[in-house]
Amino acid sequence: MTGILAAMQIEMALLAERLENAERRTVSGVEFLSGAIAGKPVVLAVCGIGKVNAAVCAQTMALLYHPDVMINTGVGGALNRTLHVLDVVVGTYAVQHDVDTSALGDEKGFVSTVNRLRFPLSERVSDDLERALVDTGARAVRGAIASGDQFVSEPDAKAAIAERFGASVCEMEGGAIAHVCLLNEIPCCILRAISDGADDGAALTYAEFAERAAHVSAKAMIRYLEAYA
């Protein structure tokens with residue numbers, strides 16, 4: 001079974017429309033929809049915005065459905081000028097850029113208990129997701145995903161995250177989902193369609209392009225399920 005998580009309804013709507021034999025279950029305040037897309041068993045969940053919401057959703061999904069892989073799909077903001085609106089980044093690794101215990105001697109972004117800065121993402125499934133993106137005509141780019149509980153819109157803040165973590169995209173959920181998947185030994189992947197660029201005006205660009213960007217990543221997820229899952 002493939003577990004698919006998104007922060008917002010607009011990021012999940014197209015997938016939910018394609019779901020066959022849907023069964024609904026609400027646990028921990030999250031509605032899970034299980035069924036099939038293109039004949040492949042899936043469970044879908046809209047986790048809500050932010051790392052805590054994402055972690056609660058991912059952990060609950062892991063315990064209830066035991067998916068073979070979790071894929072976090074949705075939109076994100078570009079951290080460099082080589083990415084353009086509606087490009088789709090396939091994550092190479094995830095970081096949590098807002099974790100800071102540097103006063104204790106840790107590197108910024110270092111997460112204690114799991115004792116790591118970078119959270120791994122499945123190369124095999126990511127390769128298949130990249131193929132699915134190409135099949136749909138989207139521009140696929142590999143890059144690191146930086147997660148934090150803030151909408152990063154200032155160019156200087158974006159540049160600082162990109163420089164410190166080598167990240168291409170900033171968003172608010174993927175790092176937490178990758179953290180949960182690491183603890184549960186579940187392969188994880190992250191797709192982020194770019195909704196706003198690295199320059200000024202991120203909030204305005206996001207408002208204009210978020211739904212279109214979400215549609216691009218959702219189409220790729222459907223193609224992945226049809227051809228590669």
Side-chain angles (χ1 to χ4, degrees), residues 5-8 11 47-55 58 72-121 123 126 130 139-182 188-210 212-214 216-217:
L5 304 86
M8 301 178 294
E11 298 168 325
C47 63
I49 295 171
K51 293 198 303 177
V52 172
N53 286 328
N72 178 213
T73 183
V75 303
L79 293 177
N80 62 64
R81 292 179 177 84
T82 66
L83 290 171
H84 306 287
V85 170
L86 304 185
D87 289 348
V88 184
V89 176
V90 181
T92 52
Y93 60 86
V95 300
Q96 298 180 41
H97 68 78
D98 60 344
V99 174
D100 186 356
T101 54
S102 57
L104 304 178
D106 296 328
E107 184 178 2
K108 286 186 178 179
F110 182 82
V111 181
S112 58
T113 69
V114 290
N115 296 323
R116 65 174 59 235
L117 177 68
R118 297 182 176 188
F119 289 83
L121 301 172
E123 291 186 19
S126 294
E130 185 172 1
R139 180 173 181 257
V141 182
R142 291 294 182 97
I145 310 295
S147 304
D149 282 323
Q150 53 194 262
F151 186 96
V152 182
S153 58
E154 294 297 325
D156 288 349
K158 288 190 172 189
I161 293 170
E163 181 177 0
R164 179 173 295 279
F165 299 105
S168 298
V169 177
C170 59
E171 43 84 272
M172 300 177 68
E173 297 81 30
I177 293 168
H179 187 158
V180 170
C181 285
L182 177 71
C188 179
C189 294
I190 302 173
L191 281 187
R192 282 294 181 271
I194 298 302
S195 59
D196 53 273
D199 298 319
D200 291 325
L204 293 174
T205 308
Y206 174 84
E208 181 179 356
F209 288 105
R212 287 175 60 189
V216 169
S217 57

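FYI, side chains are in, hydrogens and waters are out, and symmetry mates aren't considered; it's all heavy atoms of this structure.
Shown here for Cys170 and Lys158, the closest heavy-atom pair between the two residues is SG-CE, 4.3 Å. Of all the heavy atoms in Leu83 and Ala78, the pair that sits closest is CB-CB, 3.8 Å. In plain terms, the two heavy atoms of Glu173 and Ala54 that are nearest each other are CB-CB, 3.7 Å. Nearest approach of Ala94 to Ala178, heavy atoms of both residues: CB-CB, 4.1 Å. Nearest approach of Ala146 to Ile161, heavy atoms of both residues: CB-CG2, 3.6 Å. Scanning all heavy atoms of the two residues, the minimum distance from Gly166 to Tyr93 falls at O-OH, 3.7 Å.
Taking CG from Leu121 and CG from Asn72, the interatomic distance works out to 9.5 Å, rounded to the nearest 0.5 Å. Note that CE of Met172 and SG of Cys47 are 10.5 Å apart. Values are rounded to the nearest 0.5 Å. Between atom OG of residue Ser195 and atom CD of residue Glu171 there is a gap of 10.5 Å, rounded to the nearest 0.5 Å.
For residues 160-169, there are no salt bridge (Lys or Arg N to Asp or Glu O under 4.0 Å) pairs, not counting sequence neighbours. Counting only residues at least two apart or on different chains, the salt bridge (Lys or Arg N to Asp or Glu O under 4.0 Å) pairs with a member in residues 91-112 are Lys51-Asp98. Here salt bridge (Lys or Arg N to Asp or Glu O under 4.0 Å) pairs that include residues 109-119, with residues two or more places apart or in two chains, number zero.
Residues satisfying the ring pair (Phe, Tyr, Trp, His ring centres under 6.0 Å) criterion with His97, sequence neighbours excluded, are absent altogether. Under the side-chain contact (heavy atoms from CB on, under 4.5 Å) criterion, Cys181 pairs with Met70, Ile177, Ile186, Cys188, sequence neighbours left out. Residues meeting the side-chain hydrogen bond (donor to acceptor under 3.5 Å, both in side chains) test with Thr73, sequence neighbours left out: Ser217. Under the side-chain contact (heavy atoms from CB on, under 4.5 Å) criterion, Asp156 pairs with no residue, sequence neighbours left out. With sequence neighbours excluded, the residues forming a salt bridge (Lys or Arg N to Asp or Glu O under 4.0 Å) with Arg139 are Asp87, listed by chain and number. Checked against side-chain contact (heavy atoms from CB on, under 4.5 Å), Ala162 has the following partners two or more places apart in sequence or in another chain: Leu79. Residues satisfying the side-chain hydrogen bond (donor to acceptor under 3.5 Å, both in side chains) test with Asp149, not counting sequence neighbours, are none. Residues passing the side-chain contact (heavy atoms from CB on, under 4.5 Å) test with Ala157 are Val152, Glu154, sequence neighbours excluded.
In Glu123, the CD atom is not crowded: 12 or fewer heavy atoms of neighbouring residues, nucleotides or ligands sit closer than 6.0 Å.
Using a 4.5 Å heavy-atom threshold, the side chains of Ser168 and Val141 count as separate. Between Leu191 and Val90, some side-chain heavy-atom pair lies under the 4.5 Å cut-off. Counting heavy atoms from C-beta on, the side chains of Met8 and Ile49 come closer than 4.5 Å. Contact check for His84 versus Ile194: no side-chain heavy atoms found under the 4.5 Å cut-off. A 4.5 Å side-chain heavy-atom check between Pro120 and Leu182 finds at least one atom pair inside the cut-off.
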Subject >> Phe165 vs Leu117, side chain to side chain contact (heavy atoms under 4.5 Å, CB included): CA-CA, chis, key distance, verdict >> reply: CA-CA 9 Å; Phe165 299 105; Leu117 177 68; 3.8 Å; yes
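At least one donor-acceptor pair closer than 3.5 Å links the side chain of Glu11 to the backbone N or O of Val75.
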